[in-house]
Amino acid sequence: MGEFVWGLCEPREGEFDFSWLRRIMDLMGNEDIKVVLATRRPRLHWLTQKHPQILPCDERFAIVRRHPARLLSQ
């Protein structure tokens, strides 16, 4: 759960809001549902603007717009 939601957790640099996630976790816990939290590499607009070096690139250092795993299957 939460694999692609970091932009909701940190909409702006240093501003965090986990209240909605906490509410969902409480609801699931009340029903004895086990949950695994995961976060992927963030691709937040503010973060990529400030640190473009975090974007994936190819062997020529060109920014890759597709998911790296998809490039391997081509």
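Numbers here simply count residues along the sequence, with the first being 1. Only a predicted model underlies this, so the values are computations on that prediction, with no experimental measurement involved.
- For R22, the side-chain contact (heavy atoms from CB on, under 4.5 Å) partners at least two apart in sequence or on another chain are F18, D26.
- The salt bridge (Lys or Arg N to Asp or Glu O under 4.0 Å) test applied to R23 returns no partner, not counting sequence neighbours.
- To the nearest 0.5 Å, the span separating CG on L47 from CG on L55 amounts to 8.5 Å.
- The hydrophobic cluster containing M25 also contains I33, counting ILVMFWY residues as joined when their side-chain heavy atoms lie under 4.5 angstrom apart, directly or transitively.
- L21 and V36 are assigned to two separate hydrophobic clusters, defined by single-linkage of ILVMFWY side chains at heavy-atom distances under 4.5 Å.
- For the salt bridge (Lys or Arg N to Asp or Glu O under 4.0 Å) test, residues two or more places apart in sequence or in another chain that qualify with E13 are K50.
- Of all the heavy atoms in L8 and P11, the pair that sits closest is O-CD, 3.9 Å.
- In this structure, the salt bridge (Lys or Arg N to Asp or Glu O under 4.0 Å) partners of D32, at least two apart in sequence or on a different chain, are K34.
- No more than 12 heavy atoms of other residues, nucleotides or ligands shown are found within 6.0 angstrom of CZ on F61.
- Taking the salt bridge (Lys or Arg N to Asp or Glu O under 4.0 Å) definition, one finds that E15 meets it with R12, sequence neighbours left out.
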